[in-house]
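Here's the structure, in structure tokens; my notes come after.
Just so it is clear, the structure is predicted and the values come from calculations on it, not from any experiment. Only this structure's heavy atoms are used, side chains among them; waters, hydrogens and symmetry mates stay out.
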Amino acid sequence: MITLTLIRPDDWHLHLRDGEQMRAVLPDTARRFARAIVMPNLKPPAVTTDMALAYRERILAALPQGMRFEPLMTLYLTDNTVPAEIIEARRSGAIQAVKYYPAGATTNSAAGVTDIAKCYTTLETMEQVGMPLLVHGEVTDPEVDVFDKEKIFLERVLIPLTQRFPRLRIVFEHITTREAVEFVRDASSYIAATITAHHLLLNRNALFQGGIRPHHYCLPVLKRETHRRMLLEAATSGNPKFFLGTDSAPHSRSTKETACGCAGIYTAHAAIELYAEAFEQADALDKLEAFASFHGADFYQLPRNKERITLKKENWSVPANLEFADDILIPLRAGESLAWKIMD
Ligand SMILES: NC(=O)N[C@@H](CC(=O)O)C(=O)O
Ligand SMILES: [Zn+2]
Ligand SMILES: [Zn+2]
């Protein structure tokens, strides 16, 4: 039997939702990952330390008996987030980062930032106290082509921001383009990026494979093959600036399979297995552990995990759907087979 043993990985970008939906998806992540950076784009968003800490308690209360998992919390940045909120978040010890959604860029981002200049004093405090800024890096300008939104965000917003705040720790989340890879690679050590499994495995053809495929729709949208290859090269390069962030983003089937479907791909049911498949395709399984289990912890200045997980090379079928509160969830590769399986 072929096996692969790794230090238990962490997921540095995760959507857990809330209530019954959270209860449905949380075990998938907790089974594989020791910790995860939990995104704050709830309804209403977690904009204060108190809200983020209350959300953390709800996550811990929803964890099945006997499962260990540490949610790392984030604050949702708005035009009105004050520096004192950052100080309080830092003092809490449970909040690891602040999330910047350009208003209207993605799911539950309506309360996000309309103009990053409105947040300069708050960003200054973050820079001073070493609080990382996590960025959904897409412009909302309706004139910009959907496939260029990340590249244009980099030029118009992110590069100027790094020049104004050179010591602000920034994670460019779920990067999808050659330009993002090159920027992060050549930037200072204050800049890092997460890469999803789906952006490593799929290019934009997957959106139109024999018809329109709503379960392959996420933001930033899948890009062309040249970009996918660049992401794979970055993830398998051993460069500590690139690390695992699934962006597993569950939406019920009825909100995906509709005239105007939600953005988000669910991958938590097989997250590390999907990354293993991508790394194996690149003949770089030996690079998976650092990407999945070391680089993120090092960037966040948290201890690396000590326990291990083992994957075995064995085909298994992903269920056609999963329970999701009062609806169902269609996971990535639903009804198809995967080559790696996590062992208990
Ligand atoms: N990635 C997505 O397509 N969707 C995410 C939001 C996000 O990460 O942008 C979600 O919350 O559904
Ligand atoms: Zn995002
Ligand atoms: Zn996300």
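Not a single salt bridge (Lys or Arg N to Asp or Glu O under 4.0 Å) links Asp50 to another residue, sequence neighbours left out. In terms of the salt bridge (Lys or Arg N to Asp or Glu O under 4.0 Å) criterion, residue partners of Asp344 (sequence neighbours excluded) are, by chain and number, Arg31. Applying the side-chain contact (heavy atoms from CB on, under 4.5 Å) test to Gln301 and every residue at least two apart in sequence or in another chain returns Arg169. Arg224 pairs by the salt bridge (Lys or Arg N to Asp or Glu O under 4.0 Å) definition with nothing, not counting sequence neighbours. Evaluation of the ring pair (Phe, Tyr, Trp, His ring centres under 6.0 Å) rule for Phe33 yields no partner, not counting sequence neighbours. With sequence neighbours excluded, the residues that form a salt bridge (Lys or Arg N to Asp or Glu O under 4.0 Å) with Asp298 are Arg304. Under the side-chain contact (heavy atoms from CB on, under 4.5 Å) criterion, Leu42 pairs with Asp18, Tyr55, Arg58, sequence neighbours left out. For Phe172, there are no ring pair (Phe, Tyr, Trp, His ring centres under 6.0 Å) partners at least two apart in sequence or on another chain.
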Item to check | CA sep, side-chain torsions, deciding dist, call: Lys99, Glu173, salt bridge (Lys or Arg N to Asp or Glu O under 4.0 Å) | outcome: CA-CA 10 Å; Lys99 183 65 189 268; Glu173 298 290 338; 5.5 Å; no
Next on the checklist: Quick one, Thr3 with Thr310, criterion side-chain hydrogen bond (donor to acceptor under 3.5 Å, both in side chains). Give me CA distance, side-chain angles, the key distance, then yes/no.
Outcome noted: CA-CA 7 Å; Thr3 63; Thr310 298; over 6 Å; no
Checklist entry - Passes side-chain contact (heavy atoms from CB on, under 4.5 Å), Val144 versus Arg156? Steps please. => result CA-CA 12 Å; Val144 173; Arg156 288 190 195 164; 3.9 Å; yes
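Between His136 and His174, the ring planes are perpendicular. Angles over 60° get that label, and only those under 30° would be called parallel. Using bins of under 30°, 30° to 60° and over 60° for the plane-to-plane angle, the ring pair Tyr300/Phe243 lands in the perpendicular bin.
Formation of a donor-acceptor pair under 3.5 Å by the Asp79 side chain with backbone atoms of Thr114 is found in this model. Under a 3.5 Å cut-off, the side chain of Glu138 and the backbone N or O of Phe153 do not form any donor-acceptor pair. Ser92 contributes a side-chain N or O that, together with a main-chain N or O of Ala89, makes up a donor-acceptor pair within less than 3.5 Å. Looking at Thr29, its side chain never comes within 3.5 Å of a backbone N or O of Leu26 through a donor-acceptor pair. A donor-acceptor pair under 3.5 Å links the side-chain atoms of Thr236 to the main chain of Leu232, judged by distance alone. With hydrogens and angles ignored, the 3.5 Å screen pairs no side-chain donor or acceptor of Ser248 with any backbone N or O of Leu14. Of the possible polar contacts, one joining the His216 side chain to the Ala206 backbone as a donor-acceptor pair under 3.5 Å is found. Judged purely by atom type and a 3.5 angstrom limit, Ser293 uses its side chain to pair as donor or acceptor with the backbone of Ile7. Within the 3.5 Å criterion, the main-chain N or O of Pro331 finds no donor-acceptor partner in the side chain of Asn321. Under a 3.5 Å cut-off, the side chain of Tyr275 and the backbone N or O of Ala197 do form a donor-acceptor pair.
Taking the side chain as every heavy atom from C-beta outward, Leu207 and Arg213 never approach each other to under 4.5 Å. At a threshold of 4.5 Å between non-hydrogen side-chain atoms, the residues Leu123 and Ile116 count as touching. Residues Glu85 and Thr49 have side chains in contact (heavy-atom distance under 4.5 Å, counting atoms from C-beta outward). Under the 4.5 Å side-chain criterion, counting only non-hydrogen atoms from C-beta, Lys241 is not in contact with Phe299. Residues His295 and Leu244 fail the side-chain proximity criterion, which asks for heavy atoms closer than 4.5 Å. Leu16 has its side chain within reach of Val25: a pair of non-hydrogen atoms, C-beta onward, lies under 4.5 Å apart. Using a 4.5 Å heavy-atom threshold, the side chains of Asn203 and Leu222 count as separate. Counting heavy atoms from C-beta outward, Asp115 and Lys118 have side chains that approach closer than 4.5 Å.
Using modelled atom types and a 3.5 Å distance limit, the side chains of Thr106 and Ser109 yield no donor-acceptor pair. No side-chain donor-acceptor contact under 3.5 Å links His269 and Asp28. Lys223 and Thr177 form no side-chain donor-acceptor contact under 3.5 Å, judged by distance and modelled atom types alone.
Under 4.0 Å is where a charged nitrogen must lie from a carboxylate oxygen, and between Arg178 and Glu182 at least one such pair does. At a threshold of 4.0 Å, the pair Asp141-Lys149 does not count as salt-bridged, since none of the basic side-chain nitrogens sits closer than that to a carboxylate oxygen. A salt bridge links Arg229 to Glu225: at least one charged side-chain nitrogen sits closer than 4.0 Å to a carboxylate oxygen.
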Name each donor-acceptor pair under 3.5 Å that joins a side chain in residues 126-134 to protein atoms two or more places apart or in another chain, with its distance.
residue, atom, partner, partner atom, Å
Glu127, OE2, Arg167, N, 2.9
Glu127, OE2, Leu168, N, 3.4

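The residue from Leu75, Thr122, Thr81, Val135 that alone fulfils the side chain to side chain contact (heavy atoms under 4.5 Å, CB included) condition with Val98 is Leu75.
Residues Pro250 and Tyr266 share a closest heavy-atom pair of CB-CD1, 3.6 Å. In terms of heavy-atom proximity, Pro166 sits nearest to Ser188 at O-OG, 4.3 Å.
Checked against a 6.0 Å centroid threshold, the rings of Phe291 and Phe279 count as neighbours. For an aromatic pair to be called close, the ring centres must be under 6.0 Å apart, and Tyr190 with Phe165 fails this.
The salt bridge (Lys or Arg N to Asp or Glu O under 4.0 Å) analysis of residues 255-273, with sequence neighbours excluded, yields the pairs Arg32-Glu273. Residue pairs satisfying the salt bridge (Lys or Arg N to Asp or Glu O under 4.0 Å) criterion with at least one member in residues 322-340, sequence neighbours excluded, are listed as follows: Glu277-Arg333. Residue pairs meeting the salt bridge (Lys or Arg N to Asp or Glu O under 4.0 Å) criterion with at least one member in residues 38-48, sequence neighbours excluded, do not occur.
The 12-atom threshold is not exceeded at CG of Asp283, counting heavy atoms of other residues, nucleotides or ligands nearer than 6.0 Å.
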